[in-house]
Each structure stands twice: as structure tokens, then as C-alpha cells.
There are 2 protein chains.
Amino acid sequence: MTTTAPRRRASISDVARLAKVSVGTVSNVLNRPDRVSPTTRERVLAAIDDLAFVPNGSARQLRAGTITTAGAIVLDVSNPFFTDVARGIEDRLEEADYTLMLASSDENPEREARYLRLFEEHGVQGVMVVPATPDVEHLETLRGRGLRVVLLDRPSPVDTLSSVAVDDRAGAAAAARHLVELGHERIAFLNGPHTIRQCADRSAGLHDALVELGLDPDRALVEITIPTLNADGGQGGTEQVLALADRPTATMCVNDLTALGALRTLRAAGVPVPSGMAVVGYDDVAFAGELATPLTSVRQPTHQLGHRAADLLLDPDDAVVQVTFQPELVVRESTTGVG
Amino acid sequence: MTTTAPRRRASISDVARLAKVSVGTVSNVLNRPDRVSPTTRERVLAAIDDLAFVPNGSARQLRAGTITTAGAIVLDVSNPFFTDVARGIEDRLEEADYTLMLASSDENPEREARYLRLFEEHGVQGVMVVPATPDVEHLETLRGRGLRVVLLDRPSPVDTLSSVAVDDRAGAAAAARHLVELGHERIAFLNGPHTIRQCADRSAGLHDALVELGLDPDRALVEITIPTLNADGGQGGTEQVLALADRPTATMCVNDLTALGALRTLRAAGVPVPSGMAVVGYDDVAFAGELATPLTSVRQPTHQLGHRAADLLLDPDDAVVQVTFQPELVVRESTTGVG
DNA sequence: TTGAAAGCGCTAACAA
DNA sequence: TTGTTAGCGCTTTCAA
């Protein structure tokens, strides 16, 4: 084929003119073909083909008011945890013939706001968001304006917003209990800022468990705040842990990417895992079990999380529902050693 | 705050009425604030705030004709290779204040077509796509209609389309040479269908290298086609390799996710790596170096790939440019053993 | 079965 | 500086 110079997109009236019918008829061919006689329909379809006509979505939407598109904002698209969740969302949306616009806030509230605005401007049916801040007032406002809003991976702090979450306190507590049972009495926790709810909750879960087990958290726990929740953050955090005067014997990581960085750093420093330092991750991503030292991690039902979120977004009753899943500790050699 | 019942979104004329100005003035406040006197501007902004007015993107776009949004379609959002590429795209787009709509074709041409259509309907500035088929005619057509099109991770077969790619033949050839130098004379290749260009090219690169080294590809190479280019595919493919009568001594995988599945399967079967079976991956994703057996892999400049693609999409001259990056073999223990 | 026309919300040209 | 108005491309009455 020859590529023609880009020219104005054909519109419905171009089609109408070529097919010698009215625009209304073209629209009917598009939307209610049975109302059009076979012969004219044929003629119109031929014209559409001829002009390579693609209906203008903006115009359609402007007229119709709403569309079958939903938006999702996660903290980091390069984190397998979030892409697995996105996959769950997509799978559910596809059943309903909806499409997903996916964006990444990078844990930055301004980026989150920017995408939220973009989505709203484009009239999405609703948004699923992993909030970058504890504050969800802007999301309540959005809901007040008629958009569906579902909080992702975060229990709703208000009863006007639906949410789908995993019990982060329980997950972190399970990990802590496991470490204490193995005899660890001093634990480092590489965590993100507490403005991210998951981080705050996991920290609280650790605290709770330590107290419950009769340990003094102020003494048993060293929380190190890392700037980014990925391998680089894990590396930087681990360097700090290794420099600590009274070095902990175990490191708990806020997610598996962070744990990956931690393992890498420990290996480079010649610290054996788990005998020199036990390591626990969070998320149980696909590669966790295949690492040099298979990683003990807290598994979350990612796909289900996304699937359920999309389900709520599509709920015809627009009910407000809070769903909480339970995580599961998966024990591997990074805490128990070979065997 | 109290959540009010969802009602009709405020429009520009609602704002105008409340602020006692014309719609034109409201539009000016929004788009050319300096043309409006401070007092009226104040009044309009107050009204905007009052009504929680958000301009309707569809209407704006319908009027303006185009928007600062670009679309990208990759084969699989859960593959770190593609999310890293997406990250590169986003970073470049953000500089230009563009936003990205990301979608995943799952290697399915129909899904690709569906998203392409969605993007076009929504008037995106352009699309960056990793095509699911060798055929790019539909993309040329799209370009003929005035959309920017950049082929991602795939050299353009035509001179009307820009592309950003990595030399897949060279990457595969380097891996093959490495294996042959280590003494392997029978190599399994877990590959996807040749309808995916990367798969076809990597296969060709392997062939080339073997011939060049004086080996008979028909004897030295066993290509096994896997249905999905992920860990599950790698597992299934490896099971087939292990069942082969004349078992190869090395397995080359079309990507690292596939290699992950291969390593898992080999471990479960008690086959030591690399002494029982050498393994090579492709992409050199973040975890490749941290696996139980650190993975030899072909590194690609993912972030650059995306960054450059977005760059071409935004090019004011709309020039047609074909960019090819060179990959780099990263040798680790999955081929050389401990040491 | 088909056509005519109103109008979705916005921008931009022009007038006042 | 502000207001008026045409029109972007489409869907949807209502009439013919």
C-alpha cells in the first residue's frame, strides 16, 4: 500500500455524503444496523471502508456522557505486585468490555492528582487507586462528583468509599512472629515513609507482634526509611543496616524488590543469608522462590485484589463495600537456611 | 466533608452563570488568564471552585482536534522488560507534559487492534506499539490517517514507519557463540511463535551463529515453541526438553521470565545448572543476577528504548527514523558454573 | 426506512 | 476587557 499524506480524519458527514444518505442513517448503521435497509447499509459500509472512517470517540462521548473506560493508578508499574493487580483488573474489565487506562503515581501525590484529573476530564466511568497519601479527601470529592472510586490495596478510612485491601498488619505480624520464633531479637525493617498506608500498617503490625511476644519494640526493632520502594532502596537501606553498631540479625523488607536489593548488597558484603542475616520480603512475586537464597515472603492475592476492585467499580448498585483479604507467610531459605 | 449525591457535572455555562460572566470569559480564565481582568478572574475562579468544575476533556478535545496523550501497546505488562520500556516512555513524555495510556496485547493481534482503535477514537497524538504480528499494514494505515506511529522493539520493515529496536539477531548470536565456545553442540531454544518478530529474529540469529561456527543447525538446534512467553511457558518447554531422546546440554530462553520457569523446572527435576543443563535468558531483568543460579542473559537498553521511542513520537518534524541499539551478553553462572 | 435538526461542552474568531 | 456565536463529530428525537 502507499501511504497517503496525513489529512483530516474522515467524519460521519463525509461518509454520509459519499453514500448519499444523511448522517443520521450513518449513525444508525453504526449503532442500530437493523433499523437500516440492507441496501443502504451496504452502501454506507462501503463508504466507511473507502474513507477508512473511525468514529471520533470524543464526539461520541460528549454526546453520550459516559464511556466504558476505567482508570487505575498504582504506585509503581515496574513492581510485579502492581502489574499482577493490574492484570486482575484488566481481566475483569474485559468481561464487561471495558478498557483500562493504567498509570503510575511513583508514590507522588502530585502525579496522582494529575492522572486523576486526566481521567476525570476524559470521563472515565471510575478509578481504582492505590493512594500515595493517607488523605483520601480528594477521592471522596471525586466520588461526590459521580465517579466510581475504589481504593486499591488500602482499607477505606471512610464509609463512603469502597476498598479492596489485604490485611497488612497481619502480614507483617506473621513475618515478625516467624523471625522471633527463629530466635531473632533485633530486627531491621526497611520501610517506606508512613505517609504510604501500607508502610504504616506493616510497621504497626511488626510492633504489635513484638509487643505480643514480650519484646520491647524500641529495642528489638530498627526501622530504616528508604526513599524508593525498589531494589535501589533495598541496597541503600541494607548498607545502613550493615553500618549499625548493634547489628540486627534479621532484615524485614517492605516488598520483594527491596529484598532483592538487600540480598544483592548482603552478598556483595559477604554476609551469609540467613546465618549472618535473615531476610524476609513482602508480596511473594514470581521470582521470590528462585533467588540465590529463596526468599521468605508474605504472599498477597494480587490477581484477586484487582479482579475484585474492578468488580466493585462495575457494580450496578454502586454499593460501598470494604473487602479485606488475608495474606499468607511463605517460608523459604532466606530465614530457615538450607533444608 | 459530606458526600453529596452524584449529580450532573458542572459545565462551563454553569460557572458562567454563577460568576455572572459569559462562557467565553470563563474559557479565557482557563486558557488565557492574562486576558481577563483580575477582579472577574477572581470571581470566575471562585465559581469554579464552588461548583468543583472540571473541564470536559471530550468537548475540549473535540474542539481542539488533538491532545497531549500518547498510547503504548506492549506484549505483556507483567514482563519487567516491557515495564522498564514503559518507564522510559513515561519519563520522556512527562518532560513534554504528555500522558501515557498503557495497554497490553498479550501477543494477541485482536487485542492489539482493539486498543489501537480505542486510542485512535480518543484522538491520541500517536502510538508506540510492539506489534503482535509481522504484518504492520494496519499501522501504516493508521499513520496514513495522521497518527504518529513508532514501532517498539522491532525494526521497521517499511520506510514509512519509525522504529526503535535492539538487534535481536546479534543478541541471540552472541548467546549462541558463548554456548558453543563452552563446548555445547546441542542446544534447545524455548521460543515463541515466529509471528512475533523478536522470536523470529532470535531464532535466525542462533542459526546464523551456528552455521558460522561450522555446526549444522538442524542437528545442533532444537527449537521448541511455547505458547506464552513467561514462566509457565518456560516450565512447559523445559519439560519437553527433558523428555527429548537426545537431550541438549544447553537451553536458550526467549526471555528471562521463560528462563525463570526453566530454572524452576530443572531444579524440581534435580538437573544441576549448568553442569546438567546450561541456561541462557534474554533481557537481563533486575532479578537475573540474583537467582539461585545467576542467569547469563542478553541485556537490552530498555529505558533508552522507551525514551527514544517517545522522543520520535514527539518529534516536531515527524521524521521517519529507524533506530537500532546493540545488546550485550552478560555472562553469569548459569552457563559458566560457580566461579 | 430515512432525513432534518437540536444539542452535548468547549474554544476561538469576531464584535462591542 | 468582555460577550456573542459558530461549529468540532456525534447521537437521538421527531417528522416525513
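Side-chain atoms are counted along with the backbone in the values below, which use heavy atoms only and exclude waters and symmetry mates. Every chain is numbered from 1 and lettered A, B, ... according to where its sequence line falls, protein lines coming before strand lines.
- D:dG9 atom C1' lies 11 Å from atom CZ of A:R63, rounded to whole Å.
- Atom CD1 of B:I12 and atom C1' of C:dT11 are 8 Å apart (whole Å).
- Under the rule for a side chain to side chain donor-acceptor pair (under 3.5 Å), the partners of A:T25 that lie at least two apart in sequence or sit in another chain are A:S22.
- Counting only residues at least two apart or on different chains, the salt bridge (Lys or Arg N to Asp or Glu O under 4.0 Å) pairs with a member in residues 17-27 of chain B are B:D14-B:R17.
- At its two ends the helix from C:dT1-D:dA16 to C:dA16-D:dT1 runs along axes set 40° apart, each axis drawn from five pairs and the angle rounded to 10°.
- For C:dT11, the OP1/OP2 oxygens have a side-chain nitrogen or oxygen of B:N31 closer than 4.0 Å.
- Taking the salt bridge (charged side-chain N to carboxylate O under 4.0 Å, His left out) definition, one finds that B:D97 meets it with A:R114, sequence neighbours left out.
- With sequence neighbours excluded, the residues satisfying side chain to side chain contact (heavy atoms under 4.5 Å, CB included) with B:T83 are A:S78, A:T83, B:P80.
- Applying the salt bridge (Lys or Arg N to Asp or Glu O under 4.0 Å) test to every pair with at least one member in residues 103-113 of chain A, sequence neighbours left out, gives these pairs: A:D106-A:R111, A:D106-B:R87, A:R111-B:E90, A:R111-B:E94.
- For B:R92, the salt bridge (charged side-chain N to carboxylate O under 4.0 Å, His left out) test picks out B:E95, B:D311, with sequence neighbours left out.
- Legend: salt bridge (Lys or Arg N to Asp or Glu O under 4.0 Å) pairs involving residues 115-130 of chain B, not counting sequence neighbours, sorted by first then second residue: B:R117-B:E121, B:E120-B:R145.
- The distance between atom CD of B:E42 and atom P of D:dT2, rounded to the nearest whole Å, is 13 Å.
- Ion pair B:D135/B:R197 not flagged as a salt bridge, since none of the NZ, NE, NH1 or NH2 atoms sits closer than 4.0 Å to an Asp/Glu carboxylate oxygen.
- For A:R143 and A:D318, the salt-bridge test passes: some basic side-chain N is under 4.0 Å from an acidic carboxylate O.
- Rounded to whole Å, the distance from CG on B:L62 to P on D:dG9 is 7 Å.
- A straight line from CZ of B:R60 to P of C:dC8 spans 19 Å, rounded to a whole angstrom.
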Atom pairs, N/O to N/O, protein against nucleotides 1-4 of chain C, distance under 3.5 Å?
unit_1, atom_1, unit_2, atom_2, d
C:dT2, OP1, A:S37, OG, 3.0
C:dT2, OP1, A:T40, OG1, 2.9
C:dT2, OP2, A:S37, N, 2.9
C:dT2, OP2, A:T40, OG1, 3.0
C:dG3, OP2, A:S22, N, 2.8
C:dG3, OP2, A:S22, OG, 3.3
C:dG3, OP2, A:T25, OG1, 2.8

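- Considering only the side chain of A:R32, D:dT12 comes nearest among D:dT11, C:dC10, D:dT12.
- What separates CG of A:D14 from P of D:dC10 is a distance of 9 Å, to the nearest Å.
- The distance between atom CG of A:N56 and atom P of C:dG9, rounded to the nearest whole Å, is 16 Å.
- For the pair B:E121 CD and D:dT11 P, the computed distance is 10 Å after rounding to whole Å.
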